[in-house]
Peer 1: 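My questions all concern the structure below.
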Amino acid sequence: MTVDTQAVKKAVITPGIVTALVLGLIVGVVTFGIVLRPEVTLTGDSQFNRPYPLPHQYWATTDEFYVFASGGQQGGFYVYGVPSMKYLSEIPIFATDQAWGWTPENPEIRSLFTNPWTGEIVERGDTHHPSMSKTDGVYDGRWIFINDKMFGRVARVGLDTFRTEQVVWMPNITGGVHGFSVGPQTELAILNIEHEQVPDPVIQDHLGIEVDLINGPYIAGFNGIVIDGAPGGDGTMDVSWQVWGPWHHDMVRVGWGESDGWIINTAYNTERAMSSIPMFGRENDYLYFWNRASIEQAIADGKYVTTEQAPDVAVVSWKDVEVYMTEIPLNPHGLDVSPTGKYILTSGKATTLIVAVDMNMVLEAIEKEDFQGEEYGVPILTTESVREATMDLGLGPTHIEFDDKGFAYIGFFVDSDAKKVPMGGPYTEKHGMEPWKVADVFPAHYSIGHIMIPGGDSAQPYGKYFIAMNKLAKDTFLPHGPLITESHELFSIGEVPAKMIDQMALGPESHYAQAIPVSLVTPNVLAVYSLPAQTEHPRVEYDYTNEVVNVYMDVVRSWFTPDMFTVPQGWHVNMHLTSQEQAMDITHGLAVDNYNVVTSIDPGEIKTIEFVADKEGVHWFYCNWFCSELHMEMRGRMIVIPQDEWSAEQEWQPAS
Ligand code: CUA
């Protein structure tokens, strides 16, 4: 071994300089992305020579749709790509999700969790039916709305940030809402009350129905949520009115095209029973047609009451509006409107039947007063006069979607399959087949709940793909305890028979999903929040009057400034965090040891975290997102000093 003594002599460097250089190098690499690679000689099959399995950005360039699947018990959305079936994201809404910073220590998020009447903070939910914003009945890529069944809430999520922007709570009810649908111009959303209620006596008086707390029979109806959703609107939702009547309602569609101007919903419990078996007491249940203009007219005529809880919400009686109903197979669940608004298809869970009601026939029957009776004063349209087809297709029919070629698809829970049926009328031109006969059957694994075709509930289905949201996935994946993951199965429906392309495991428990073309979403997605020209100077302020410490803290790779502060025990701590990052995907976290405090801060985001410093001692806080090579070094201390040991000298300021 030869040593270049000359070189050694030239390199007279002190240990201090070496340390400084190494540290500088690390900071440079980490902070500014200076790339230093070891010189590696590639020989033959060296592992360094291995080709990357797929081209860079493969999925980003091949996926055609974003799927927004309700998370059910997860309380928000799951987002994945189609056809890759690659999970992309979650959008927390009604439930805490610390990974996404969705925690009530942030006052803005807390306000979304807070019951406006009781002040109760609710961090649980059950998301059900997503509904995209639309213009002329076609998805427009601005927002997606969804309801929480448990607490009677509706949320709006921005498709630019994939974050929840607004939550509204339904008044006069105790939750239990189900069907939800946004109108063709994003001007109105309807949310059905499924779990029958004992409402405020003011409402009972107005309806002329007295409800006994124990014996009922209880009453229900649906909520009208007016949305500032015309082009240029900001999407603000306002619960404006409720229609109440003797029935509950399950699924709903706000009509468009040939059914424009009508709110169409179903009830599976027209028996008004309190328990399961008696809900199958009748041979049929009802499909309802509510004239939207008549509801507005009743309100304009002053035919409404308000309650103390909701003085701005007009409560209208079913007796004061124009409503009709028609018999449909027992305990309906699926209720879907074909792309032109012509056909309303419903399925009876307790039967093998799917029926197609023609909206034009409905309007004609109304015009001719072609009724076969009435119930609670509501005319029952003659079944044969409004129904174009009755199909006997299989066990446990659930939901229905449409493609772009004139076909309807129905999912079957018990049969564990989906059936494809050509529709009649104007759709015959598209497929040239005899309508309402099964054209394809494809199995799913197992027990389909909801189904989804991109755009399949709108005036413009995109078709091509079909997703079965299977409730049971037994035998499909490795066992992982008594609760098996949910499964989403992707089928290509451009061919007969439909071909299964892929299967994915997804957490509990999607009820419905909607898919929107990537081209409508991607151009608007925010990469970073833009910081104002001037942000708060890092500092600590002690407010002795209110016993609050305000910590103005900068967050950037790889430190907090200030990285320590002191606080008298029992005081409130308001940490005003500013992420000084402007680089995409560099999200930081803030977790406080031994405190129930955690959040995340996206690049450029400014947010406040509030808590009480109730535990004395030294509490490290740290960044819990892997943001840089020095992520673990990104930490600081909160020192909580008992009040009797506190003096103003212990106030802390960061070095300026
Ligand atoms: Cu910032 Cu980890």
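Remember, it's 1-based here, ligands and their atoms both numbered in the order they're listed.
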Peer 1: Relative to each other, are the rings of H631 and F626 parallel, tilted or perpendicular (30° and 60° limits)?
Peer 2: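 It falls in the parallel class, under 30°.
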Peer 1: For W59 together with Y80, are the ring centres under 6.0 Å from each other?
Peer 2: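 Ring centres of W59 and Y80 not closer than 6.0 Å.
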Peer 1: Anything under 30° is parallel, anything over 60° is perpendicular, the rest tilted; go ahead and classify H128 against H178.
Peer 2: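 Taking H178 first and then H128, their aromatic rings stand perpendicular (interplane angle over 60°).
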Peer 1: Compute whether any side-chain donor of one residue and acceptor of the other, for Y512 and E401, lie under 3.5 angstrom apart.
Peer 2: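 On atom types as modelled, these side chains qualify, holding a pair under 3.5 Å.
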Peer 1: Enumerate the protein N/O/S atoms at a distance below 2.8 Å from atom 1 (Cu) of ligand 1, ignoring waters.
Peer 2: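 Listed by chain and number: H588 ND1, C623 SG, C627 SG, M634 SD.
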Peer 1: Should the pair Y139 and Y462 be assigned to parallel (<30°), tilted (30 to 60°) or perpendicular (>60°) ring geometry?
Peer 2: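 Tilted: the ring planes of Y139 and Y462 meet at 30° to 60°.
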Peer 1: Tell me, please, which residues at least two apart from N470 pass side-chain hydrogen bond (donor to acceptor under 3.5 Å, both in side chains).
Peer 2: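 Once residues adjacent in sequence are excluded, the partners of N470 under the side-chain hydrogen bond (donor to acceptor under 3.5 Å, both in side chains) criterion are S487, E489.
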